[in-house]
**Q** 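Sharing a structure below in structure tokens format, with a few things to ask.
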Amino acid sequence: MGKLEGKVAFITGIARGQGRAHAVKMAQEGADIIGVDLAGEIPHVPYDSPTMDDLNETVRLVEALDRRILVEQCDVRDLEKMRSFVDTSVADLGRLDIVVANAGICIPARWDETTPEVFQVTMDTNVVGVWNTVMVGAPHLVTAGGGSIILTSSYAGKKMQPFMVHYTASKHAVTGMTRAFAAELGKHMIRVNSVHPGGVNTPMGSGNMVDALTHAAESNPALNQMGTPFLPVWMAEPEDIANTVAFLASDDARYITSEHISVDQGMQYF
Ligand SMILES: NC(=O)c1ccc[n+]([C@@H]2O[C@H](COP(=O)([O-])OP(=O)(O)OC[C@H]3O[C@@H](n4cnc5c(N)ncnc54)[C@H](O)[C@@H]3O)[C@@H](O)[C@H]2O)c1
């Protein structure tokens, strides 16, 4: 019997990368899945944008595990569209127990080459989008009498990431939101924790991402050593993050709340 048997999880950014890994892992553990993703062009990012084919592949992988999955092409910045989809899906699947606010974007840029548009879209997606996700999911957990909310922050939400003032600010905001929601939702037996990956092998590293990072780093090479992992592994796999998220979602973590769990090979302390 899986650790999440009979539970239902709502996951954002589910089309690929870590979001897909969360869906597959939770389905393996017995959960049914509700998911949203932009599945389209993401302006300003240097890496390849996800497609509807990516979203459909996540559906196929979950259904192959004999679990139910309901998905919608939806922007986490669109509060009302996301609320409407989640409300309908929860009515269909019967309950909601887990919320994973995973959708996010990352645009490397030197401090003096960061435009107002880049700062704004990062905050809107990584901060407002996470807040929207909790706001549409948490009321159903209150109804269920408890649950687990996991917010995806980053190494940049504990230490910082050079050449990403905007991303660092957004991921620190997620860390703060974790504590603030945990405090108020605790009386409903709802736990709220954040995960803080280091480098993860996802399509976020595709396209021109390496060129963008290299260009930014040339402005201050001394900062390049930051984030060196203690373990001789630079990149985790999405499944490594999914294992931690599934643990936090499960009853094995039933008294863990307001915590900030790193999966970063130790890089935050370098
Ligand atoms: N990959 C890394 O090295 C790394 C490291 C630390 C933290 N993170 C964080 O992990 C999370 C997942 O990233 P990933 O590595 O799987 O990247 P990814 O780009 O492969 O996946 C992110 C998914 O989120 C979706 N998304 C983005 N903006 C959206 C929006 N406005 N509305 C709906 N969906 C949206 C994308 O369409 C995509 O499918 C992000 O929050 C990211 O900041 C990633």
Side-chain angles (χ1 to χ4, degrees), residues 10-25 35-58 71-79 81-82 85-86 100-108 120-133 136 150-161 164 166-175 177 194-207 209-210 213 227 229 233-242 244-245 260-265 267-268:
F10 168 47
I11 303 167
T12 67
I14 201 170
R16 67 180 192 184
Q18 294 174 55
R20 177 188 286 168
H22 299 327
V24 169
K25 173 66 180 171
V36 297
D37 200 290
L38 196 58
E41 193 69 28
I42 308 178
H44 303 291
V45 304
Y47 47 87
D48 301 335
S49 293
T51 65
M52 281 304 290
D53 286 347
D54 293 319
L55 187 54
N56 292 334
E57 175 62 6
T58 299
V71 298
E72 174 103 329
Q73 185 176 24
C74 177
D75 192 323
V76 293
R77 291 169 291 180
D78 188 339
L79 176 66
K81 183 174 180 185
M82 195 157 61
F85 171 66
V86 169
V100 184
N102 160 81
I105 57 170
C106 181
I107 307 169
Q120 193 67 55
V121 75
T122 301
M123 288 296 160
D124 286 348
T125 307
N126 294 4
V127 183
V128 179
V130 167
W131 184 79
N132 287 346
T133 303
V136 304
I150 298 111
L151 310 184
T152 303
S153 177
S154 168
Y155 154 83
K158 277 191 169 179
K159 193 180 184 181
M160 48 74 62
Q161 200 145 351
M164 291 189 207
H166 45 300
Y167 187 75
T168 296
S170 75
K171 292 302 189 180
H172 272 72
V174 171
T175 309
M177 227 190 299
S194 52
V195 288
H196 300 255
V200 189
N201 186 16
T202 72
M204 197 173 257
S206 66
M209 187 62 158
V210 173
L213 287 165
V233 180
W234 280 87
M235 299 287 266
E237 294 302 319
E239 292 72 23
D240 295 305
I241 318 305
T244 299
V245 168
H260 315 292
I261 312 290
S262 287
V263 188
D264 69 356
Q265 300 92 268
M267 62 170 57
Q268 67 175 305

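Counting convention: from 1, in listed order, for ligands and their atoms alike. The model shown is predicted, which means the values in this text are computed figures rather than measured ones.
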**Q** Among all protein heavy atoms in this structure, tell me which lies nearest to atom 16 (O) of ligand 1, with the distance rounded to 0.1 Å.
**A**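 Heavy-atom neighbour on the protein nearest atom 16 (O) of ligand 1: Q18 N, 2.8 Å.
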
**Q** Heavy atoms only, cut-off 4.0 Å: how does D37 contact ligand 1, side chain, backbone, both, or neither?
**A**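 Both of them.
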
**Q** Could you tell me whether some N/O pair between D75 and ligand 1 is separated by less than 3.5 angstrom?
**A**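 D75 vs ligand 1: N/O contact under 3.5 Å present.
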
**Q** Which heavy atom in C106 sits nearest to a heavy atom in M204, and how many Å separate them?
**A**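 Looking at all heavy atoms of both residues, the closest pair is CB-SD, 3.8 Å.
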
**Q** Is the closest side-chain heavy-atom distance between P108 and P46 below 4.5 Å?
**A**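 Counting from C-beta outward, P108 and P46 do come under 4.5 Å.
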
**Q** Give a yes or no answer on whether the side chain of K25 reaches the backbone of V245 with a donor-acceptor pair at less than 3.5 Å.
**A**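 The answer is no, because no donor-acceptor pair under 3.5 Å joins these two groups.
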
**Q** My understanding is that we take every heavy atom of each candidate and find the minimum distance to atom 6 (C) of ligand 1. Doing that for P197, P203, C106, S49, which one comes out nearest?
**A**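 When every heavy atom of P197, P203, C106, S49 is considered, P197 comes closest to atom 6 (C) of ligand 1.
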
**Q** Given that the side chain starts at C-beta and the backbone is N, CA, C, O, which of these parts of H196 lies under 4.0 Å from ligand 1, counting heavy atoms, or is it both or neither?
**A**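 Answer for H196: neither.
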
**Q** Identify, for atom 5 (C) of ligand 1, the protein heavy atom at the shortest distance, and state residue, atom and that distance.
**A**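 Residue, atom and distance for the closest contact: G198 O, 2.9 Å.
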
**Q** Keeping the roles fixed (side chain from R20, backbone from E57), state whether a donor-acceptor pair exists under 3.5 Å.
**A**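 Here the side-chain-to-backbone pair does not exist.
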
**Q** Within a distance under 4.0 Å of any heavy atom of P50, pick out the atoms of ligand 1 and give their elements.
**A**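 What qualifies from ligand 1 is 36 (C), 37 (O), 38 (C), 39 (O).
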
**Q** In ligand 1, which numbered atoms sit nearer than 4.0 Å to a non-hydrogen atom of G13?
**A**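 By the 4.0 Å cutoff, the relevant atoms are 23 (C), 24 (O), 25 (C).
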
**Q** Test your reading of the model: is there a side-chain donor-acceptor pair from E72 to the backbone of M82, 3.5 Å cut-off?
**A**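 The answer is no, because no donor-acceptor pair under 3.5 Å joins these two groups.
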
**Q** Determine whether a donor-acceptor pair (N or O, by modelled atom type, separation under 3.5 Å) exists between the side chain of S49 and the backbone of I42.
**A**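 Flag set: sc S49 to bb I42 pair under 3.5 Å.
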
**Q** Report the part of C74 (side chain from C-beta onward, or backbone N, CA, C, O) that has a heavy atom under 4.0 Å from ligand 1; answer both or neither where that applies.
**A**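 For C74, only backbone atoms sit under 4.0 Å from ligand 1.
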
**Q** Mind checking whether Q268 and H196 have side chains closer than 4.5 Å, heavy atoms only?
**A**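 No, side chains not in contact.
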
**Q** Closer than 4.0 Å to some heavy atom of A103 - which atoms of ligand 1 meet that?
**A**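 Selected atoms, number and element: 24 (O), 26 (N), 34 (N), 35 (C), 41 (O).
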
**Q** Between the side chain of S170 and the main-chain N/O of M123, is any donor-acceptor distance below 3.5 Å?
**A**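 No; judged by distance alone, with no hydrogens or angles, the pair does not exist.
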
**Q** Please state which protein non-hydrogen atom is closest to atom 19 (O) of ligand 1 and give its distance, to 0.1 Å?
**A**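 Going atom by atom, the protein heavy atom closest to atom 19 (O) of ligand 1 ends up being R16 NH2, 2.9 Å.
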
**Q** Just to check, does K171 reach to within less than 4.0 Å of ligand 1 when the distance is taken from its heavy atoms?
**A**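 It does, in that a heavy atom of K171 comes within the 4.0 Å cut-off of ligand 1.
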
**Q** By number and element, which atoms of ligand 1 are closer than 4.0 Å to a non-hydrogen atom of R77?
**A**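 Ligand 1 atoms under the 4.0 Å threshold to R77: 31 (N).
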
**Q** Which ligand 1 atoms are under 4.0 Å away from a heavy-atom of G17?
**A**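 This gives 16 (O), 20 (O) as the contact atoms.
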
**Q** Counting only heavy atoms, tell me which of S153, G129, G199 gets closest to atom 7 (C) of ligand 1.
**A**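 Nearest option to atom 7 (C) of ligand 1, by heavy atoms: S153.
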
**Q** Any idea which protein heavy atom is nearest atom 2 (C) of ligand 1, and the distance to it?
**A**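 Looking only at protein heavy atoms, the one closest to atom 2 (C) of ligand 1 is V200 N, 3.6 Å.
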
**Q** Just to be sure I read this right, does ligand 1 sit under 4.0 Å from the backbone of T12, its side chain, both, or neither, counting only heavy atoms?
**A**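 Looking at T12 and ligand 1, no heavy atom falls under 4.0 Å.
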
**Q** May I ask you to list the atoms of ligand 1 that are less than 4.0 angstrom from any heavy atom of T125?
**A**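 Listed by number with element, the hits are 28 (N), 31 (N).
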
**Q** Keeping the roles fixed (side chain from H172, backbone from A156), state whether a donor-acceptor pair exists under 3.5 Å.
**A**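 Yes, H172 side chain to A156 backbone: donor-acceptor pair under 3.5 Å.
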
**Q** Answer yes or no: is there a donor N or O on one side and an acceptor on the other, between the side chain of T12 and the main chain of A103, under 3.5 Å?
**A**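 Judged by distance alone, yes, a pair lies under 3.5 Å.
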
**Q** Below 4.0 Å, non-hydrogen atoms only: which portion of Y167 touches ligand 1? Side chain, backbone, both or neither.
**A**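 It is the side chain that touches ligand 1; the backbone stays farther off.
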
**Q** So, does V36 sit close enough to ligand 1 that a heavy atom of it is under 4.0 Å from the ligand?
**A**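 It does not; every heavy atom stays at 4.0 Å or beyond.
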
**Q** With a 4.5 Å limit on heavy-atom distance, are the side chains of W131 and L151 in contact?
**A**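 Sidechains of L151 and W131: no contact.
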
**Q** Any heavy-atom pair between the side chains of I241 and N102 that's under 4.5 Å?
**A**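 Heavy-atom side-chain distance check fails, nothing below 4.5 Å.
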
**Q** Checking the N or O distance criterion of under 3.5 Å, is ligand 1 in contact with I42?
**A**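 No; every N/O pair is 3.5 Å or more apart.
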
**Q** Within a distance under 4.0 Å of any heavy atom of I105, pick out the atoms of ligand 1 and give their elements.
**A**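 Heavy-atom distances to I105 below 4.0 Å select 27 (C), 28 (N).
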
**Q** What protein heavy atom sits nearest atom 15 (O) of ligand 1, and how far off is it?
**A**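 It is T202 OG1, 2.7 Å.
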
**Q** Polar-atom distance check: S154 versus ligand 1, any N or O pair below 3.5 Å?
**A**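 N/O-N/O distance under 3.5 Å: no.
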
**Q** Which protein heavy atom lies closest to atom 27 (C) of ligand 1, and at what distance to 0.1 Å?
**A**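 For atom 27 (C) of ligand 1, the nearest protein heavy atom is G104 O, 3.7 Å.
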
**Q** Would you indicate whether the side-chain heavy atoms of V71 and T58 approach each other to under 4.5 Å?
**A**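 In short, these two side chains do not touch, never coming nearer than 4.5 Å.
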
**Q** Suppose we measure from atom 40 (C) of ligand 1 to each protein heavy atom; which comes out shortest, and what is that distance?
**A**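 It is N102 O, 3.2 Å.
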
**Q** If you look at every heavy atom in K81 and Q73, which pair is closest and at what distance?
**A**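 Between these two residues, the closest heavy atoms are NZ-O, 2.9 Å.
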
**Q** Students should be able to answer this: which protein heavy-atom is nearest to atom 33 (C) of ligand 1, and at what distance?
**A**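 Result: L38 N, 3.2 Å.
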
**Q** Is the backbone of N126 close enough, under 3.5 Å, to the side chain of Y167 for a donor and an acceptor to pair up by distance?
**A**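 No.
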
**Q** Looking at side-chain heavy atoms only, is the closest gap between L55 and I14 below 4.5 Å?
**A**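 Heavy-atom side-chain distance check passes, below 4.5 Å.
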
